Number of protein chains: 2
Amino acid sequence: MIGVMALEHAILVSLLEKPGSGYELARRFERSIGYFWTATHQQIYRVLKRMQNDGWVDVRDVPQQGRPDKKEYSVADLGRAALASWLHDPTEPESVRHDLAVKIRGAAFDEDPAALIREVERHRQAHQDRLARYLAGEERDFTGPEASAAGPRTPLDAQRELQHVVLRGGIAYERMMIDWLDDVLATLARFGPDR
Amino acid sequence: MIGVMALEHAILVSLLEKPGSGYELARRFERSIGYFWTATHQQIYRVLKRMQNDGWVDVRDVPQQGRPDKKEYSVADLGRAALASWLHDPTEPESVRHDLAVKIRGAAFDEDPAALIREVERHRQAHQDRLARYLAGEERDFTGPEASAAGPRTPLDAQRELQHVVLRGGIAYERMMIDWLDDVLATLARFGPDR
DNA sequence: GCTTGCTATGCAACGAGTTGCATAAGATGA
DNA sequence: TCATCTTATGCAACTCGTTGCATAGCAAGC
């Protein structure tokens, strides 16, 4: 069997980067980690419970003032081992799912091509927005004096560099999508006037 | 509610392009359509049955020689209408799922960085292979005299053009991934020697 | 006092997708 | 003859992911 159930592993990585509650994890899955892995809070709570039963994470009750108490999770030795084992196992490249591509091919059988143009423009805007968010995050987190400083390299440098290269992947993806959607719009424009 | 259950719609598009059996559809989902939407034969048979019950497709028993008989499905009026309605509904941009990205960020907490390098190289190879397949398909299906011929445009031209622009999207995606994985490998190389 | 909103956790039901297995007809080759 | 491969269809069980709903504490504004 090859590479399944990655939500556990995404949570382990996130908790290694910084321990936190289910709620905080859900927040992270809306940004940062969420750039390449999505999860809702229900899913996270359910998986956290299972991970706790399996001894992958430890829990600590943290009383808070001005807001409800929380349970702070951190990675246990068993969790660390599980992550390492998964890291060393080969994973299949993701299978792609693009319903926009289905729609584009479906448009050949549609009476109203203008509808698809609007839809493609909506998607283009969404990717443009994401790109702007990613670039702002890069500016915020990965520029400045320490970014290219000389000197001895620490494990924290490695962590930063790896986060950065993943973010660059997100940026490259959004740019590619915007270019492709422009290609789609140009193609649709070539066919629109004739019909 | 916004855009769910797209397998039905992918099947409708494929059957509009050419009627066929569940088995044939499963084959198409390993190439062509499969470039942007995956499905196993069990899933396809189950969904075809539901679509038949809903009156979206018609079935015709086709006896064959030298092999088992098949059921050939084609799109009914209700199916055409269902597809049109889905095409005109907005769909959310796909949420991304890249377990390789999880692994890369996880590598910051791993003792053995060489394992990740091997994994990234495996993925790079897989994307290289897919790119070669796509380019071969483009060469086969979208070059030649009729590709850029002048003259009146038919619905078939539109169908071809739309298939082509979707394929170009796949090509752009694979190229972007290969470039990014090179970036990842270069980043890992910068950190490897130190540790 | 009431509503609205944010933090924080959770259950129940459902739909989507995967995996393993079963069946059956004919083709191919040892 | 027997095993294996390809075409062709399907069931059952399971996991994964989403949606709707519920609860509860505290804050802010009307």
Side-chain angles (χ1 to χ4, degrees), chain A residues 1-11 19-31 33-34 36-54 57 59-73 86 91-92 94-99 102, chain B residues 1-11 19-30 33-34 36-54 57 59-73 86 91-92 94-97 99 102:
Chain A
M1 194 177 45
I2 237 173
V4 275
M5 288 191 298
L7 179 53
E8 276 91 335
H9 304 114
I11 288 176
S21 69
Y23 189 83
E24 283 161 352
L25 281 170
R27 283 289 114 102
R28 293 182 208 171
F29 275 89
E30 286 170 3
R31 31 183 282 307
I33 306 276
F36 51 88
W37 204 270
T38 58
T40 60
H41 77 272
Q42 288 87 346
Q43 220 181 322
I44 290 167
Y45 284 125
R46 196 203 295 154
V47 170
L48 274 176
K49 187 154 289 182
R50 185 169 66 228
M51 292 170 77
Q52 190 189 340
N53 287 335
D54 292 348
V57 292
V59 199
R60 194 169 63 93
D61 272 326
V62 178
Q64 300 187 110
Q65 67 232 33
R67 53 179 68 175
D69 299 352
K70 68 175 180 180
K71 300 184 187 172
E72 194 182 75
Y73 293 88
W86 176 70
T91 318
E92 283 300 299
E94 304 293 312
S95 43
V96 193
R97 287 279 169 99
H98 278 305
D99 46 22
V102 178
Chain B
M1 197 178 41
I2 236 171
V4 276
M5 289 193 297
L7 179 53
E8 275 91 334
H9 305 113
I11 289 177
S21 69
Y23 189 83
E24 284 161 351
L25 281 171
R27 282 289 114 104
R28 293 182 208 171
F29 275 90
E30 285 170 5
I33 306 278
F36 50 88
W37 203 270
T38 58
T40 60
H41 77 271
Q42 288 87 346
Q43 219 181 323
I44 291 166
Y45 284 126
R46 194 203 294 152
V47 170
L48 274 176
K49 187 153 288 179
R50 185 168 67 227
M51 292 169 78
Q52 190 189 340
N53 288 336
D54 293 349
V57 293
V59 198
R60 195 169 62 95
D61 272 326
V62 178
Q64 299 186 111
Q65 67 232 33
R67 54 178 68 176
D69 298 352
K70 67 175 181 180
K71 300 183 188 174
E72 194 183 76
Y73 293 87
W86 177 70
T91 318
E92 283 302 299
E94 304 293 313
S95 42
V96 193
R97 286 280 169 98
D99 46 21
V102 178

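Everything numeric here is computed off the predicted structure, so don't read it as measured data. Quick note on labels: first sequence line is chain A, next is B, and so on, each numbered from 1.
At whole-Å resolution of the value, CG in B/L48 and C1' in C/dG17 are 16 Å apart. Atom CG of A/N53 is separated from atom P of C/dG10 by 12 Å (rounded to the nearest Å). B/E72 has its CD atom 11 Å from the P atom of D/dT9, to the nearest Å. One can place OH of B/Y45 at 11 Å from P of D/dT7, the figure rounded to the nearest angstrom. Separating the CD1 atom of A/I44 from the P atom of C/dA8 is a distance of 13 Å, rounded to the nearest angstrom. Separating the NZ atom of B/K70 from the P atom of C/dG26 is a distance of 17 Å, rounded to the nearest angstrom. Rounded to an integer number of Å, the gap from B/E24 CD to D/dT7 C1' is 10 Å. Between the CZ atom of A/R97 and the C1' atom of C/dT18 there is a distance of 11 Å, given to the nearest Å.
In this structure A/Y45 satisfies the ring-ring contact (aromatic ring centres under 6.0 Å, His included) test together with A/H41, sequence neighbours excluded. In this structure B/E94 satisfies the salt bridge (charged side-chain N to carboxylate O under 4.0 Å, His left out) test with no other residue, sequence neighbours excluded. Contacts of A/R27 classified as salt bridge (charged side-chain N to carboxylate O under 4.0 Å, His left out), with partners at least two apart in sequence or in another chain: A/E30. When the ring-ring contact (aromatic ring centres under 6.0 Å, His included) test is applied to A/H98, no partner is found at least two apart in sequence or on another chain. Residues forming a side chain to side chain contact (heavy atoms under 4.5 Å, CB included) with B/K71 (at least two apart in sequence, or on another chain): B/V59, B/D61, B/Y73.
Between the side chain of B/D99 and the backbone N or O of A/A6, no donor-acceptor pair lies under 3.5 Å.
Using a 4.0 Å heavy-atom cutoff across all strands shown, A/S21 reaches sugar-phosphate atoms only and no base atom. Across all strands, B/Q42 comes closer than 4.0 Å to base atoms (heavy-atom distances).
The shortest distance between the side-chain N/O atoms of B/K71 and the OP1/OP2 oxygens of D/dG10 is below 4.0 Å. Proximity of A/Q43 to the phosphate of D/dT18: a side-chain N or O atom is located under 4.0 Å from OP1 or OP2. Between D/dT7 and B/Y23, a contact under 4.0 Å exists linking OP1 or OP2 to a side-chain N or O.
Between B/I11 and B/E8, every side-chain heavy-atom pair lies at or beyond the 4.5 Å cut-off.
Ranked by how close their nearest DNA chain D nucleotide is to the 5' end, B/R46 and B/R27 are led by B/R27.
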Contact state string [nucleotides 22-30 of chain D, B base, S sugar-phosphate only, - no protein heavy atom under 4.0 Å]: ---BS----
